[in-house]
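Data block below; observations after.
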Amino acid sequence: MNAVNLVEELKWRNMLQDTTPGTEDQLQKEMTSAYIGFDPTADSLHIGNMVPIMLLTLLQKAGHKPIVLVGGATGRVGDPSGKKAERKLLSYQEIQHNLNCQKAQLERFLDFENGENKAELVNNYDWFKDMNFLDFIRDVGKHISVNYMMAKDSVKSRLEQGISFTEFSYQLVQGYDFYHLFQNNNCLLQMGGSDQWGNITTGTELIRRMTGKEAHALTAQLLTKSDGSKFGKSEGGNVWLDAKRTSPYKFYQYWLNIADEDAQKCIRFFSLREHSEIEDIEKQHAEAPHTRSLQNALAEEMTIRVHSEEDLARAKQASNILFGKSTAEDLRALDSEQFLEVFDGVPQSSVSKELLTEGLEALFVQSGFLPSNSELRRALKENSLSINKTKIGDNHTCTDSDLLNGQYLLLQRGKKSYFILNFS
RNA sequence: GGGGAGAUACUCAAGCGGUCAACGAGGUCAGACUGUAAAUCUGAUGGCUUCGCCUUCGUAGGUUCGAAUCCUGCUCUCCCCA
């Protein structure tokens with residue numbers, strides 16, 4: 001019935017890790033509801049969450065119905081999968097706050113409005129809040145043996161170090177989610193990263209034992225980076241989708257700087273362009289790697305999808321000023337607001353106007369940019385200092401006309417290290 | 001409790017009476033090259049009023065014209081024996 005075969009699509013993207021038997025048949029047979037759970041551990045999703053988001057996006061594009069489950073209940077327990085140690089519990093208020101924020105973000109990526117297969121959002125707290133412990137262990141716990149639960153990797157890997165009963169129970173709680181959605185939302189499939197396989201199959205097992213019916217699991221490969229570090233982390237930590245946590249500029253830069261090898265994986269994982277178009281970009285990249293077609297395409301597409309066209313334009317402008325051939329003139333073209341946005345995150349110091357004409361030592365050292373006069377001398381010897389993108393020498397002096405917007409001076413050591421002086 | 005070894009700059013690690021702000025390696029920073037990459041090459045890497053001066057070699061004293069280097073106390077670390 002469907003023009004797009006989801007399983008084929010995922011295979012083409014090298015995303016598919018594993019499915020339970022019969023999954024593809026079910027998806028080809030009829031519109032199928034499938035869900036993925038999101039953990040409310042922070043008040044923003046990060047790009048690590050883009051893989052499950054893509055699964056749902058592609059699911060919807062293939063004509064099926066995505067169900068987004070936010071883990072109001074499971075978030076109170078803590079998933080041991082992939083975790084070396086017990087996690088600290090979040091307060092109920094924190095979880096609620098995080099849930100609301102994530103919800104708003106998810107709405108960007110899926111169509112919650114139109115069509116028979118419009119996306120739906122559920123919160124497992126709704127069906128767990130009135131569940132009492134005795135009911136749970138009688139009605140649910142009875143069906144799954146401890147032996148079965150202990151055999152899961154997520155549990156097994158923690159047996160040495162210890163795992164609380166709380167986290168041990170996690171798979172059962174998640175399994176019950178699946179059962180609940182199976183019964184109430186006709187949800188026949190749970191998807192997730194490959195680290196979720198164990199949890200998901202506990203769900204299918206539970207459904208089989210409680211209803212005698214069959215439910216399905218589908219997992220995606222985890223995205224790994226060629227240098228072994230974790231995907232979605234930059235030096236400053238996670239790359240978040242929230243512009244307040246990771247500015248669109250930094251977000252754009254993250255994609256732009258992905259290693260070639262990883263970019264090849266990412267374009268298939270994340271791009272919503274036509275297959276032929278993606279293959280063209282891959283070809284381009286192979287022929288002329290230095291143009292970095294893959295990184296550019298990715299950075300543009302992802303910045304637009306997560307932020308907006310305007311944010312992309314600004315990010316590009318900022319990048320151009322920071323890294324491109326742009327010069328003093330481009331810098332002067334910025335108004336005060338743009339200037340501060342481009343150099344968002346660059347350390348600033350407010351200094352009094354008298355300093356301006358008091359020489360380099362005053363500007364670079366007293367302002368706190370360079371740690372000592374020796375450092376300043378060294379930098380001058382290296383010819384590594386610039387003011388307003390123009391290299392300066394030993395006896396440079398500044399005047400009022402050097403001030404950007406009558407107020408700022410942009411100091412620079414080498415290529416990457418910036419500092420803003422704010423003359424007030 | 002007895003015996004031994006050690007503590008040096010961001011890290012590792014030389015130095016064992018003057019030529020030591022202290023070899024070397026890693027890291028970091030800069031310059032060249034480049035794809036805002038990797039690799040490579042070059043330089044820098046305590047502070048200052050820089051052809052000189054000042055403060056640093058666990059800590060406090062001492063010997064000496066002169067100590068990171070020798071002596072003593074203290075603190076800490078490691079090893080061996082009981």
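So that the names make sense, note that chain A is the first sequence line, chain B the second, and so on, each numbered from 1.
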Looking at B:rU49, B:rC33, B:rG35, which one has an atom nearest to any side-chain atom of A:His290?
B:rG35
Residue whose closest nucleotide on RNA chain B lies nearer the 5' end, A:Lys416 versus A:Lys391:
A:Lys391
Please assess A:Ser33 against A:Asn185 for the test side chain to side chain donor-acceptor pair (under 3.5 Å), listing each intermediate value before the final yes or no.
CA-CA 8 Å; A:Ser33 297; A:Asn185 300 57; over 6 Å; no
Donor-acceptor pair (no angle test) under 3.5 Å: A:Asp260 side chain, B:rG35 base:
yes
Distance between C1' atoms of B:rU45 and B:rU49 (Å, rounded):
22 Å
Anything under 30° is parallel, anything over 60° is perpendicular, the rest tilted; go ahead and classify A:Phe251 against A:Trp255.
perpendicular
Would you say the base of B:rU36 and the side-chain of A:Gln253 have a donor-acceptor pair closer than 3.5 Å?
yes
With the side chain defined as heavy atoms from C-beta on, A:Asn257 is closest, among B:rG31, B:rC48, B:rU36, to B:rU36
For B:rU40, what is the paired nucleotide under Watson-Crick or G-U wobble rules, both distances under 3.5 Å?
B:rA32
Nearest-angstrom distance, P atom, B:rU42 to B:rC48
28 Å
Say we look at B:rG61 and B:rU11: how far apart would their C1' atoms be, to the nearest angstrom?
31 Å
Answer with base, sugar-phosphate or nothing: what part of the nucleic acid does A:Arg292 contact at a heavy-atom distance below 4.0 Å?
base
Can you tell me how far P in B:rC51 sits from the matching atom in B:rG58, rounded to whole Å?
31 Å
May I ask you to evaluate whether A:Thr291 reaches the phosphate of B:rG35, defined as a side-chain N or O under 4.0 Å from OP1 or OP2?
no
Starting from C1' on B:rA38, measure out to CG on A:Asp262 and report it in whole angstrom.
13 Å
Searching all strands shown, indicate the nucleotide that pairs with B:rU45 (Watson-Crick or G-U wobble; both distances under 3.5 Å).
B:rG27
What nucleotide, of B:rG31, B:rG43, B:rC48, holds the atom closest to the side chain of A:Glu382?
B:rG43
Under 4.0 Å from OP1 or OP2 of B:rA30: is there any side-chain N or O of A:Asn383 that close?
no
C1' atoms of B:rA21 and B:rC65, separation to the nearest Å
22 Å
Mind telling me whether A:Phe343 and A:Phe339 have parallel, tilted or perpendicular rings, with 30° and 60° as the class edges?
tilted
Quick one: is A:Arg413 getting a side-chain N or O under 4.0 Å of the B:rC29 phosphate, OP1 or OP2?
no
Given the C1' atoms of B:rC23 and B:rA68, what is the spacing between them in whole Å?
14 Å
Applying the 3.5 Å cut-off to both distances, the Watson-Crick or G-U partner of B:rA21 turns out to be none
Is B:rA82 paired to anything, Watson-Crick or G-U wobble with both distances less than 3.5 Å, and if yes, which nucleotide?
none
Among B:rU36, B:rG47, B:rU49, which nucleotide sits nearest the side chain of A:Asn373?
B:rU49
Checking all strands, does A:Ser384 fall into the base, sugar-phosphate, or nothing category for heavy-atom contacts under 4.0 angstrom?
sugar-phosphate
Please classify the nucleic acid contact of A:Lys381 as base, sugar-phosphate, or nothing, using heavy-atom distances under 4.0 Å.
nothing
Counting distance only, does the side-chain N/O of A:Ser367 pair as donor-acceptor with the main-chain N or O of A:Leu363 below 3.5 Å?
yes
Rounded distance (Å) that lies between atom C1' of B:rU36 and atom CG of A:Leu298
16 Å
Determine whether a donor-acceptor pair (N or O, by modelled atom type, separation under 3.5 Å) exists between the side chain of A:Asn296 and the backbone of A:Thr291.
yes
Check the distance between B:rA44's P and A:Leu385's CG and give it to me in whole angstrom.
17 Å
Nearest-nucleotide 5' precedence on RNA chain B, A:Leu256 against A:Glu375
A:Leu256
Whole-Å C1' distance, B:rU69 and B:rU19
15 Å
Taking CG from A:Leu360 and P from B:rU49, how many angstroms apart are they, rounded to a whole number?
13 Å
When the C1' atoms of B:rU34 and B:rA13 are compared, how many Å lie between them, rounded to an integer?
34 Å
Would a distance-only check, ignoring hydrogens and angles, find a side-chain to backbone donor-acceptor pair under 3.5 Å from A:Asn117 to A:Lys65?
no
Is the phosphate of B:rG47, meaning OP1 or OP2, less than 4.0 Å from a side-chain N or O of A:Ser372?
yes
Please give the nucleotide sitting opposite B:rA67 as a Watson-Crick or G-U wobble pair, both distances under 3.5 Å, or none.
none
Please indicate whether A:Lys250 has more than 12 foreign heavy atoms, meaning atoms of other residues, nucleotides or ligands, lying under 6.0 Å from its NZ.
yes
Checking N1-N3 plus N6-O4 or O6-N4 for Watson-Crick, or N1-O2 and O6-N3 for wobble, each under 3.5 Å, the partner of B:rG73 is B:rU59
